[in-house]
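We number each residue from 1, following the sequence as shown. Just so it is clear, the values below take in all heavy atoms, side chains as well, and ignore hydrogens, waters and symmetry mates.
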Amino acid sequence: MKFETSKYSKLLEYKKIEFPYGTFYTTRHFVISELNEGIHVDYNLVSDLISAFSEEIKKGLRIGYIANRINSYSFEPQLWLDFNNEYDFLVASAVVSYNDFSYLNSSLEKHFFKKSLKRCHSLDEAIEWMMTLDEFQKTIKRNR
């Protein structure tokens with residue numbers, strides 16, 4: 001399920017950002033990625049994303065990341081190690097898998113990511129889990 005067709009697109013305030021390799025939705029607490037079919041996520045692509053969000057990173061923003069894998073693409077798992085060593089703005093990550101192969105890949109990635117990485121079977125599950133994280137509870141409760 002794409003984010004824009006989910007119930008959360010009507011419940012959460014978000015900004016849509018389109019890149020040649022996929023679409024990103026930024027909310028107050030997390031970013032959702034929906035990458036294009038067949039792309040390869042490597043260090044150059046991740047560097048491009050970091051540059052695009054550099055102002056938020058400089059402000060000390062702490063966010064979650066949800067990879068909504070609606071399409072099939074390849075990902076270098078060791079990027080999590082590089083990312084962890086260079087940046088510290090991610091609180092946690094969730095990977096939404098829609099098939100067994102994607103789920104197995106996310107299991108491999110889980111070994112490389114130093115923080116919490118939850119493997120999910122639906123976008124709703126990923127968003128609901130992200131919103132229960134302790135780091136976000138104070139601001140979520142305050143906004144209700």
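- The closest side-chain heavy-atom distance from Glu76 to Val41 is not below 4.5 Å.
- For the pair Leu35/Phe24, a side-chain contact is recorded, criterion being any heavy-atom separation below 4.5 Å from C-beta on.
- Taking the six-membered ring wherever Trp is involved, the centroid distance between the rings of Tyr14 and Tyr8 does not fall below 6.0 Å.
- In this structure, OG on Ser122 lies 13.5 Å from CH2 on Trp129, to the nearest 0.5 angstrom.
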Full working for ring pair (Phe, Tyr, Trp, His ring centres under 6.0 Å) between Tyr73 and Tyr21: CA-CA 10 Å; Tyr73 58 88; Tyr21 41 81; over 10 Å; no
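- The line from OG of Ser93 to CG of Leu117 is 4.5 Å long, rounded to the nearest 0.5 Å.
- The shortest non-hydrogen separation linking Ile63 to Phe30 is CB-CA, 4.4 Å.
- Residues Ala126 and Cys120 come closest through the heavy atom pair CA-SG, 3.7 Å.
- Across every non-hydrogen atom of Phe3 and Ser6, the tightest pair is O-OG, 2.7 Å.
- We find that Lys118 and Glu125 are joined by a salt bridge, their nearest charged nitrogen and carboxylate oxygen being less than 4.0 Å apart.
- There is no side-chain donor-acceptor pair under 3.5 Å between Asn68 and Tyr25.
- For the pair Arg62 and Phe136, the cation does not sit on the ring face, since its NZ or CZ is not both under 6.0 Å from the ring centre and inside 45° of the axis.
- Judged by distance alone, the side chain of Asn36 and the main-chain N or O of Pro20 form a donor-acceptor pair under 3.5 Å.
- Side-chain contact between Ile17 and Lys15: present, with at least one pair of heavy atoms (C-beta onward) separated by less than 4.5 Å.
- With contacts defined as side-chain heavy-atom distances shorter than 4.5 Å, the pair Val91/Leu133 qualifies.
- The shortest side-chain heavy-atom distance between Glu37 and Ile39 does not fall under the 4.5 Å cut-off.
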Evaluation steps, side-chain contact (heavy atoms from CB on, under 4.5 Å), between Arg28 and Glu13: CA-CA 8 Å; Arg28 180 179 178 134; Glu13 187 176 319; over 6 Å; no
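- Note that the CD1 atom of Ile32 and the CD1 atom of Ile127 stand 4.0 Å from one another [nearest 0.5 Å].
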Stepwise side-chain contact (heavy atoms from CB on, under 4.5 Å) check, Asn71 with Glu34: CA-CA 8 Å; Asn71 294 310; Glu34 293 178 352; 5.9 Å; no
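- We find the OG-CD1 distance between Ser33 and Ile66 to be 9.0 Å, quoted to the nearest 0.5 Å.
- Side chains of Glu135 and His29: a donor-acceptor N/O pair is absent below 3.5 angstrom, by distance only.
- For Asp100, the CG atom sits in a loose shell: 12 or fewer heavy atoms of surrounding residues, nucleotides or ligands are nearer than 6.0 Å.
- Val96 and His121 make their closest contact through CG1-C, 4.2 Å (heavy atoms, listed as atom of the first residue, atom of the second, distance).
- Between Asp124 and Glu128 there is a side-chain heavy-atom pair separated by less than 4.5 Å.
- Side-chain atoms of Met1 and Ile70, non-hydrogen and from C-beta on, never get closer than 4.5 Å to each other.
- The shortest heavy-atom contact between His40 and Leu45 is O-CD1, 4.2 Å.
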Verdict with supporting geometry, Lys16 and Glu4, salt bridge (charged side-chain N to carboxylate O under 4.0 Å, His left out): CA-CA 9 Å; Lys16 180 179 179 178; Glu4 288 186 310; 3.2 Å; yes
